[in-house]
Colleague: 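Starting off with a structure, shown below.
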Amino acid sequence: AKTAAAHRHTEVMDNLVSSLCKFTTLLNPAASKPAVAFGEDVKARMAAVTVFDIANKKGNFLRGGWRNILDCILRLHKLGLLPTKVTELDGLLDGETRVTTQQRVATPKRSTSTSSIFRGLSSQFSQLLSLDNNEDNATPSERETEAEARTMRCIESCKIDEIFTDSKFLEAESLLQLAQALIWAAGSPASPTGRKGRTSEMLTADEDTAIFCLEQLAAITLRNRDRMLTVWPLVFEHLGSIVQAATAPGPLVERAVFLLLRVCQRLLPYKEDVAEELLTSMQLLFKLDPHVAGELLERITSEVLALLKGSVTYIRSPTGWRTVTRLLSAAACHQEASTLGFEALTLVMQDAANVSSANFLPCIDASLAFVASRV
């Protein structure tokens, strides 16, 4: 690895990482108890520590190898073995609670049809047939407990969180490759062919993976705010594919919408030179399916209100103001969102210092929308 890095042989580094990832056994789905198997395999743990050490220290020389590393990370994520530091986003989702795959799968849904009842009975019957096996697996042995503890210590020592938190030190090309790898791992929300023949649990797991990757993309954007324009086009394109593919409300499109707004909230006061780019990106919300937009409008308006409270002085172009006031105008006819929308509009117009030639007419138009909604 040191030799490949010294000579900037990225292809050699990618091949090395690919081979090491195979030795970790993390990509082997055959193990019935992956955490135990990993904890009992010294070579697998050494390979994992080595591959993540390369990612942390030699990440500048990785290109396609990021995909192999993300495969391992996502495998750990699906198994619930990732340290919480990896999924924490520095307050990016203040007040939000992530729902993991395991939590969503474990949440029972009330059956409303006869076929659902029979499926439930069939499932219960299958569980009874395998009751003995479940009892055997319910309480891990001392050997298994020790192996799982070794697994957790190994994963902690890999410092996986630093791959994302230290992405601000990556060279531009490697940073782009990491972002592209996250988008690749998330999958395409617009592709229905990959959903055929998959169970609800599998689709939920896919969605949770997509949300994890999306959150890491947003976090990388914030951590690289000084070169936001390097990664933002990729991230925005991915957000757009999610928003435009959604025909019904769901966790993925909801997260995409609010991560977009949170990124704008965070970066508008800090990066005045990209304010127009960020405000223009908010026009993506106008492409939401009407049903999805209606379900999310109250929270969208709340986020726009928060944006104005923190960044009203940084919105200076007529285009930016038209984007904001158009969102507020949509809230005028929405029972739950109208109060927040009116509060946001009042925030702008009650202070003369906030009124300018750029926002005067857009604000008047938005005011008329609220008047018309009360007539």
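All of these numbers come straight from a predicted model, not from anything done at the bench.
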Colleague: Could you grab the distance from atom CD1 of Ile211 to atom NE2 of His77, nearest 0.5 Å is fine?
Modeller: 8.5 Å
Colleague: Provide the closest heavy-atom pair for Trp321 versus Arg316 in the form atom of the first, atom of the second, distance.
Modeller: NE1-N, 4.2 Å
Colleague: Listed by chain and number, what are the salt bridge (charged side-chain N to carboxylate O under 4.0 Å, His left out) partners of Glu171, not counting sequence neighbours?
Modeller: Arg8
Colleague: Once rounded to the nearest 0.5 Å, what's the spacing between atom CG of Leu20 and atom CD1 of Ile54?
Modeller: 5.0 Å
Colleague: Between CD1 of Ile73 and CD1 of Ile155, what distance do you get to the nearest 0.5 Å?
Modeller: 11.0 Å
Colleague: State, yes or no, whether a side-chain contact exists between Leu345 and Ser367 at a heavy-atom distance under 4.5 Å.
Modeller: yes
Colleague: Determine whether a donor-acceptor pair (N or O, by modelled atom type, separation under 3.5 Å) exists between the side chain of His334 and the backbone of Gly294.
Modeller: yes
Colleague: Should Thr10 and Ser174 count as side-chain neighbours, where that means a heavy-atom distance under 4.5 Å?
Modeller: no
Colleague: Taking all atoms of both residues into account, what is the closest heavy-atom pair of Val86 and Gln216, and its distance?
Modeller: O-NE2, 2.9 Å
Colleague: Would you say the side chain of Cys363 lies within less than 4.5 Å of the side chain of Val355, judging by non-hydrogen atoms?
Modeller: no
Colleague: Hydrophobic clusters here meaning ILVMFWY residues chained together by side-chain heavy-atom distances under 4.5 Å, can you tell me if Leu327 and Leu368 are in one?
Modeller: yes
Colleague: Can you tell me how far the SG atom of Cys21 sits from the CG atom of Leu26, to the nearest 0.5 Å?
Modeller: 8.0 Å
Colleague: Can you hop from Ile160 to Phe23 via hydrophobic side chains spaced under 4.5 Å?
Modeller: no
Colleague: Taking everything shown except Met46 itself, do over 12 heavy atoms lie less than 6.0 Å from its CE?
Modeller: no
Colleague: Would you say Asp14 and Phe61 make side-chain contact, with heavy atoms under 4.5 Å?
Modeller: no
Colleague: Residues in side-chain contact (heavy atoms from CB on, under 4.5 Å) with Asn15, at least two apart?
Modeller: Glu11
Colleague: With no hydrogens and no angle check, is any side-chain donor or acceptor of Gln177 less than 3.5 Å from a backbone partner on Trp66?
Modeller: no
Colleague: Tell me whether Leu176 is reachable from Leu70 by hopping between hydrophobic residues (I, L, V, M, F, W, Y) whose side-chain heavy atoms are closer than 4.5 Å.
Modeller: yes
Colleague: About how many Å separate NZ of Lys85 and CZ of Phe164, when rounded to the nearest 0.5 Å?
Modeller: 13.5 Å
Colleague: Side chain to side chain donor-acceptor pair (under 3.5 Å): which pairs involve residues 304-313, sequence neighbours left out?
Modeller: none
Colleague: With sequence neighbours left out, write down each residue that passes side-chain contact (heavy atoms from CB on, under 4.5 Å) with Arg225, or none if nothing qualifies.
Modeller: Leu267, Tyr270
Colleague: Taking Thr325 for the side chain and Ala366 for the main chain, is one N or O donor matched with an acceptor at less than 3.5 Å?
Modeller: no
Colleague: For the side chain of Thr151 and the backbone of Gly39, is there at least one donor-acceptor N/O pair under 3.5 Å apart?
Modeller: yes
Colleague: Go through Lys287 and Leu284 one step at a time and tell me if the side-chain contact (heavy atoms from CB on, under 4.5 Å) criterion holds.
Modeller: CA-CA 6 Å; Lys287 297 182 180 181; Leu284 179 61; 4.2 Å; yes
Colleague: Tell me which pairs pass side chain to side chain donor-acceptor pair (under 3.5 Å) where either residue lies in residues 48-63, with sequence neighbours left out.
Modeller: Asp53-Lys57
Colleague: Take a 6.0 Å sphere around NZ of Lys168 and say whether it holds more than 12 heavy atoms from other residues, nucleotides or ligands.
Modeller: yes
Colleague: Taking the side chain as every heavy atom from C-beta outward, state whether Leu279 and Leu268 have any atom pair closer than 4.5 Å.
Modeller: yes
Colleague: Within the structure provided, determine whether Thr280 and Thr323 are in side-chain contact (heavy-atom separation under 4.5 Å).
Modeller: no
Colleague: Quick check: closest heavy atoms across Phe258 and Ile300, and the distance to 0.1 Å?
Modeller: CE2-N, 3.7 Å
Colleague: With sequence neighbours excluded, what pairs up with Tyr314 under the ring-ring contact (aromatic ring centres under 6.0 Å, His included) test?
Modeller: none
Colleague: Tell me, with the steps shown, if Leu285 and Leu261 meet side-chain contact (heavy atoms from CB on, under 4.5 Å).
Modeller: CA-CA 10 Å; Leu285 302 180; Leu261 291 168; 3.9 Å; yes
Colleague: Quick one, Ile315 and Asn359 - any side-chain contact, counting heavy atoms below 4.5 Å?
Modeller: no
Colleague: Show your working on side-chain contact (heavy atoms from CB on, under 4.5 Å) between Val312 and Leu347 and close with a plain yes or no.
Modeller: CA-CA 9 Å; Val312 66; Leu347 174 71; 5.5 Å; no
Colleague: Less than 4.5 Å apart, any side-chain heavy atom of Thr230 and any of Asn224?
Modeller: no
Colleague: Just checking Phe342: does its CZ atom have more than 12 heavy atoms from other residues, nucleotides or ligands closer to it than 6.0 angstrom?
Modeller: no
Colleague: How close do Met282 and Cys264 get, counting heavy atoms only, and between which atoms?
Modeller: CG-SG, 3.7 Å
Colleague: If you look at every heavy atom in Val304 and Leu328, which pair is closest and at what distance?
Modeller: CG1-CD2, 3.9 Å
Colleague: If the threshold is 4.0 Å, N to carboxylate O, is there a salt bridge linking Glu148 and Lys33?
Modeller: no
Colleague: Are Met349 and Phe360 linked, directly or through intermediate hydrophobic residues, by side-chain heavy-atom contacts shorter than 4.5 Å (ILVMFWY only)?
Modeller: yes
Colleague: Answer yes or no: is there a donor N or O on one side and an acceptor on the other, between the side chain of Thr301 and the main chain of Gly341, under 3.5 Å?
Modeller: no
Colleague: Does any N or O in the side chain of Thr221 come within less than 3.5 Å of the main-chain N or O of Leu217, such that one atom is a donor and the other an acceptor?
Modeller: yes
Colleague: Please determine whether residues Val324 and Phe370 belong to a single hydrophobic cluster, defined as Ile, Leu, Val, Met, Phe, Trp and Tyr linked transitively by side-chain heavy-atom distances below 4.5 Å.
Modeller: yes
Colleague: Working note: Lys22 + Ser18, criterion side-chain contact (heavy atoms from CB on, under 4.5 Å); need CA distance, chi angles, decisive distance, verdict.
Modeller: CA-CA 7 Å; Lys22 293 175 183 177; Ser18 177; 4.2 Å; yes
Colleague: To the closest 0.5 Å, what do you measure between CD (Gln265) and CG (Leu260)?
Modeller: 10.0 Å
Colleague: Between Arg75 and Thr25 (side chain of the first, backbone of the second, donor and acceptor by atom type, cut-off under 3.5 Å), is there such a pair?
Modeller: no
Colleague: Closest approach of Gly320 and Glu276, non-hydrogen atoms and distance?
Modeller: N-OE2, 4.0 Å
